[in-house]
Amino acid sequence: MNQFITLAVSEKMSGLLTVDYLKERAEKASKQNFRHIMDQVPDVEPEDYDKL
């Protein structure tokens, strides 16, 4: 039972820390930098094995 509780608490903490991390990263983001990076991606069809 203790192991189950420990696992549940650690999973919850991991999720909360991930949300905090993503929020922190999002605050540092910029649309201008995103667009600059995306402009460098070639506009080509994906390989057959990589299509959905």
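Along the sequence shown, the residues carry numbers beginning at 1.
- Taken to the nearest 0.5 Å, the NZ atom of Lys31 stands 10.0 Å off from the CZ atom of Phe34.
- Residues Met13 and Ile5 are members of one and the same hydrophobic cluster, defined by side-chain heavy-atom contacts under 4.5 angstrom among Ile, Leu, Val, Met, Phe, Trp and Tyr.
- For the pair Thr18 and Ser14, the tightest heavy-atom approach, listed with the atom from each and the gap, is OG1-O, 2.8 Å.
- The environment of Lys12 atom NZ is sparse: at most 12 non-hydrogen atoms of other residues, nucleotides or ligands sit within 6.0 angstrom.
- Here CG of Asp43 is found 10.0 Å from CE of Met38. Values are rounded to the nearest 0.5 Å.
- Shown here are the side-chain hydrogen bond (donor to acceptor under 3.5 Å, both in side chains) partners of Arg35, two or more places apart in sequence or in another chain: there are none.
- Grouping the Ile, Leu, Val, Met, Phe, Trp and Tyr side chains by contacts below 4.5 angstrom, directly or via other members, places Val44 apart from Tyr49.
- In terms of the side-chain contact (heavy atoms from CB on, under 4.5 Å) criterion, residue partners of Ser10 (sequence neighbours excluded) are, by chain and number, Leu7.
- Applying the side-chain hydrogen bond (donor to acceptor under 3.5 Å, both in side chains) test to Gln40 and every residue at least two apart in sequence or in another chain returns His36.
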